[in-house]
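Contents: one structure, followed by commentary.
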Amino acid sequence: MNIRDRQILHIAVPSIVSNITVPLLGMVDVAIVGHMGNAAYMGAVAVGSMIFNLIYWLFGFLRMGTSGLTAQAYGRQDWTEATQVLRRSVLWGLGIALLLILLQMPLRWLMFWIIGPTTDVSPLAVQYFRIVIWGSPAMLSLYSLTGWFIGMQNTRIPMFISIMQNVVNILASLLLVYGFGMKIEGVATGTVIAQYAGLFMAIIFCLTATIFPKESKISVSTDVLHVDNGNSSPSGKETDGKSTSFFAINRDIFLRTLCLVAVNLFFTAAGARQGAVILSVNTVILQLYLLFSYFMDGFAYAGEALGGRFYGAHDSKAFNETLHHLFIWAIAVTAVFTTIYVFGGMWIVRLLTDEQPVIGFARNFIYWAWIIPAAGATAFIWDGVFIGLTATRGMLVSSAVSAFLFFSVFTLGDKWWTSSSDYRHPALLNHVLWLAQVIYLAMRGIIQTVWYRQRLAPIIKQMTHNLQ
């Protein structure tokens, strides 16, 4: 196997395992409350999980921005700057978490207004929210630490942390619910315990510094970590320029995430307006896209880690080889998933639901699942590479333009569907919704391809070869 393929798989495979285990945290909670004898408990956990998934998604820049900057520092072998990036990111995360805790009442009101839980679910969801919000310092710090580990070319540590969190969550929740007789508060407390257990494990890995090259001289200090070697800066202090760059990168990623959130929320809402069956069909098909994304995210992480590393090292040859092999892997994964969905898509639908109306309607929409992998694969790879290059403005522009196209296509289709009484088949509007979604996914990749060729490729070409 080619060295670039080995490097890519070294990053991608643990990331894929981590991605698959992350949803288990929510599934464990649902499984426990599902045996409490009241469906409102399941609804409360579903609402609470949705709220925190949305909140933490918005602050995903803590992971992505940290990953790119750390990978570049790794490529330069500037270990002091690598640890300064971690310090800045963790401080940002803790500051944001403090704001979330202080503003939890208006935040809870806003999220409940957006989601609109029923009267029987709302009080239980409030209990869940009030407890789980105290896990935000751990979660946001873990975002920073995960990004740092990826930038340091190590995705095995986040994988171990994800697995350990699931084990702790299961044991703590079961103990609190069945051992101490707690209800929704036991599940929520178990989740928080698992989050802080993950943070504690991540800190242990940082303090042992097992991911630094052996030639580095490492010592622990109040600056999180201090590394001394011949390639680090003399003072080890952050400059205003670096702080400004960190802010600009995170700002772009945050605004880009807002575009993604807007599209996803609107997609769900537009499906819900068409009735429970259409909403269920869309949810099932989105699970197929989610499964594909777990694998593609692993290769995106490889793009972050290796792209940033070789860019920081000014090794254009290794960078271009990595980029070439990343797209080969993207084509291979896309081909596999497309084949699975073409020949086994309806079998997966039946596995996910036994509701006959949903299965029947899914036959009309399953071919959108065939198209999604090809439409979205390019954007996954470019997102990783752009994060590694800290070219976040390109990510923002591609997401903003693609989101505009998404809303434009659906709005025009909705107007046509409303005015054309002869063609108003109930399912037709949902086809327009899926068309807008596919265009959105594809355009992100197309715009980033153009952006890379025009703005970034010339920079890579000019880099001095510095083969390690």
Side-chain angles (χ1 to χ4, degrees), residues 16 19-20 22-24 26-27 30 46 49-50 53-54 57 115 259-298 300 330 333-380 383 399 402-403 405-407 409-411 413-414 417 425-445:
I16 292 170
N19 289 340
I20 293 173
V22 165
L24 292 177
M27 291 173 62
V30 172
S49 298
M50 183 186 303
N53 286 341
L54 180 59
W57 191 16
I115 297 174
C259 295
L260 270 62
V261 169
V263 169
N264 288 330
L265 286 179
F266 185 88
F267 184 91
T268 301
R273 290 203 305 268
Q274 299 176 66
V277 173
I278 292 294
L279 175 60
S280 299
V281 168
N282 288 352
T283 301
V284 169
I285 295 178
L286 280 176
Q287 296 306 306
L288 302 182
Y289 173 63
L290 193 61
L291 179 61
F292 170 72
S293 72
Y294 290 156
F295 283 80
M296 287 306 303
D297 265 339
V333 173
T334 298
V336 169
F337 274 88
T338 300
T339 302
I340 292 173
Y341 293 162
V342 168
F343 293 101
M346 285 307 302
W347 179 82
I348 299 175
V349 170
R350 294 188 191 94
L351 189 65
L352 294 174
T353 180
D354 59 0
E355 294 291 330
Q356 291 304 315
V358 175
I359 294 173
F361 263 84
R363 298 182 189 277
N364 300 319
F365 299 98
I366 191 63
Y367 59 81
W368 290 111
W370 307 351
I371 302 173
I372 282 178
T378 303
F380 277 103
D383 279 349
S399 295
S402 299
L405 291 173
F406 169 85
F407 289 111
V409 169
F410 181 79
T411 301
D414 187 28
W417 182 81
H425 188 278
L428 187 58
L429 184 60
N430 203 49
H431 283 296
V432 173
L433 181 62
W434 276 105
L435 174 63
Q437 179 77 357
V438 167
I439 290 175
Y440 163 75
L441 292 172
M443 286 306 300
R444 281 176 55 201

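Counting all heavy atoms, side chain and backbone alike, Ile16 lies closest to Gly298 at CG1-CA, 3.9 Å. Closest heavy-atom contact between Ala377 and Met296: O-CE, 3.9 Å. In this structure, Gly376 and Leu441 approach most closely via the heavy-atom pair CA-CB, 4.2 Å. Nearest heavy atom pair, residue Phe361 against residue Phe365, reads O-CD1, 3.1 Å. Smallest separation of non-hydrogen atoms from Met346 and Ile359: CE-O, 3.6 Å.
Here SG of Cys259 is found 12.0 Å from CZ of Phe406. Values are rounded to the nearest 0.5 Å. We find the CZ-CZ distance between Phe292 and Phe337 to be 7.0 Å, quoted to the nearest 0.5 Å. With rounding to the nearest 0.5 Å, the separation of OG1 in Thr411 from CZ in Phe407 is 8.0 Å. In this structure, OH in Tyr289 is found 11.5 Å from OH in Tyr294, a value given to the nearest 0.5 Å. The structure places CG of Leu433 at 10.0 Å from CG of Asp414, a figure rounded to the nearest 0.5 Å. Atoms CD1 and CH2, on Ile340 and Trp347 in that order, are 10.0 Å from each other to the nearest 0.5 Å.
The shortest distance between side-chain heavy atoms of Arg444 and Asp383 falls below 4.5 Å. You'll find the side chain of Tyr341 reaches within 4.5 Å of the side chain of Ile348, heavy atoms only. Between Val336 and Phe295 the shortest side-chain heavy-atom distance does not fall below 4.5 Å.
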Under 3.5 Å, which donor-acceptor pairs do the side chains of residues 275-288 form with other protein atoms, sequence neighbours left out?
| residue | atom | partner | partner atom | Å |
| --- | --- | --- | --- | --- |
| Ser280 | OG | Ala276 | O | 2.8 |
| Asn282 | OD1 | Asn430 | ND2 | 2.9 |
| Asn282 | OD1 | Trp434 | NE1 | 2.9 |
| Asn282 | ND2 | Asn430 | OD1 | 2.9 |
| Thr283 | OG1 | Leu279 | O | 2.8 |

Show every donor-acceptor pair shorter than 3.5 Å between a side-chain atom in residues 261-271 and any protein atom, with sequence neighbours excluded, or say none if there are none.
| residue | atom | partner | partner atom | Å |
| --- | --- | --- | --- | --- |
| Asn264 | ND2 | Leu260 | O | 3.3 |
| Thr268 | OG1 | Asn264 | O | 3.1 |

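For the pair Thr378 (side chain) and Gly445 (backbone), a donor-acceptor distance under 3.5 Å is absent. At least one donor-acceptor pair under 3.5 Å links the side chain of Asn53 to the backbone N or O of Ser49. For the pair Ser293 (side chain) and Leu290 (backbone), a donor-acceptor distance under 3.5 Å is present.
Listed by first then second residue, pairs satisfying salt bridge (charged side-chain N to carboxylate O under 4.0 Å, His left out) with a partner in residues 259-269 number zero, not counting sequence neighbours.
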(request) Assess whether side-chain contact (heavy atoms from CB on, under 4.5 Å) is satisfied between Tyr367 and His431, documenting all intermediate values. (result) CA-CA 10 Å; Tyr367 59 81; His431 283 296; 3.0 Å; yes
(request) Decide yes or no on side-chain contact (heavy atoms from CB on, under 4.5 Å) for Phe380 and Thr334, but give the supporting numbers first. (result) CA-CA 11 Å; Phe380 277 103; Thr334 298; over 6 Å; no
(message) Working note: Arg363 + Val349, criterion side-chain contact (heavy atoms from CB on, under 4.5 Å); need CA distance, chi angles, decisive distance, verdict.
(response) CA-CA 9 Å; Arg363 298 182 189 277; Val349 170; over 6 Å; no
